[in-house]
Amino acid sequence: MNERDFVNDLLTTEKYMTGAYNIALNEASNQTLYQELATIFKETQDCQRNLYNLMFKNGWYALEQAEQTKVQNSYQQFSGYKNQLPYSVQ
């Protein structure tokens with residue numbers, strides 16, 4: 001495994017763990033457990049972001065720039081959804 005593959009594997013693991021902790025937070029009924037999970041979730045999320053930034057900086061995580069018309073179309077589509085929500089979205 002080269003460095004890029006190793007970091008990519010770490011990033012994938014952190015993304016999975018962040019998702020798992022998110023589910024655990026949603027289902028935690030004990031406040032103390034919830035606080036502990038929230039702390040671990042934040043640390044995991046920060047680690048995931050740092051790995052993403054490292055990969056992006058090294059050119060290992062390339063993003064495609066979206067066309068402006070696609071961005072505007074998506075914005076209009078999802079802006080229309082706000083009216084359908086049962087609560088106010090700012």
Side-chain angles (χ1 to χ4, degrees):
M1 259 171 88
N2 60 31
E3 187 178 10
R4 176 184 178 212
D5 293 339
F6 183 73
V7 175
N8 188 55
D9 186 53
L10 289 170
L11 178 61
T12 301
T13 300
E14 292 298 325
K15 287 180 179 181
Y16 173 78
M17 290 173 57
T18 299
Y21 281 122
N22 186 50
I23 292 169
L25 283 168
N26 289 335
E27 298 180 359
S29 60
N30 179 282
Q31 187 62 29
T32 303
L33 176 60
Y34 177 85
Q35 292 299 328
E36 290 295 323
L37 288 170
T39 300
I40 296 168
F41 172 83
K42 174 76 169 96
E43 291 170 356
T44 304
Q45 185 69 32
D46 290 345
C47 183
Q48 179 270 324
R49 185 65 183 177
N50 290 335
L51 289 167
Y52 165 82
N53 288 337
L54 174 66
M55 290 193 70
F56 188 79
K57 181 180 98 179
N58 286 311
W60 299 335
Y61 201 110
L63 298 175
E64 176 183 317
Q65 184 172 358
E67 298 173 18
Q68 188 61 32
T69 55
K70 287 184 178 181
V71 172
Q72 289 172 338
N73 289 341
S74 292
Y75 177 80
Q76 289 174 351
Q77 176 186 357
F78 290 104
S79 291
Y81 292 160
K82 288 193 315 186
N83 298 332
Q84 300 173 21
L85 296 174
Y87 50 86
S88 176
V89 177
Q90 302 298 324

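Small disclaimer: the values here were computed from a predicted structure and weren't measured.
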**Message:** Can you list everything that forms a salt bridge (Lys or Arg N to Asp or Glu O under 4.0 Å) with D46? Sequence neighbours excluded, please.
**Reply:** K42

**Message:** Can you list, by chain and residue number, the hydrophobic cluster partners of Y75 when the side-chain cut-off is 4.5 Å?
**Reply:** none

Return a table of donor-acceptor pairs under 3.5 angstrom between the side chains of residues 19-32 and protein atoms on other chains or two or more places apart.
from : atom 1 : to  : atom 2 : distance (Å)
N26  : ND2    : N22 : O      : 3.4
N30  : OD1    : T32 : N      : 2.9
N30  : OD1    : L33 : N      : 2.9

**Request:** For Q48, check side-chain hydrogen bond (donor to acceptor under 3.5 Å, both in side chains) against everything at least two apart and list the hits.
**Result:** Q45

**Asked** Donor-acceptor pair, D9 side chain versus D5 backbone, under 3.5 Å?
**Response** no

**Item:** side-chain hydrogen bond (donor to acceptor under 3.5 Å, both in side chains) against Q77, all qualifying residues, sequence neighbours excluded
**Value:** Y81

**Message:** Can you list, by chain and residue number, the hydrophobic cluster partners of V7 when the side-chain cut-off is 4.5 Å?
**Reply:** M1, F6, L10, L11, L51, Y52, L54, M55, F56, W60, Y61, L63

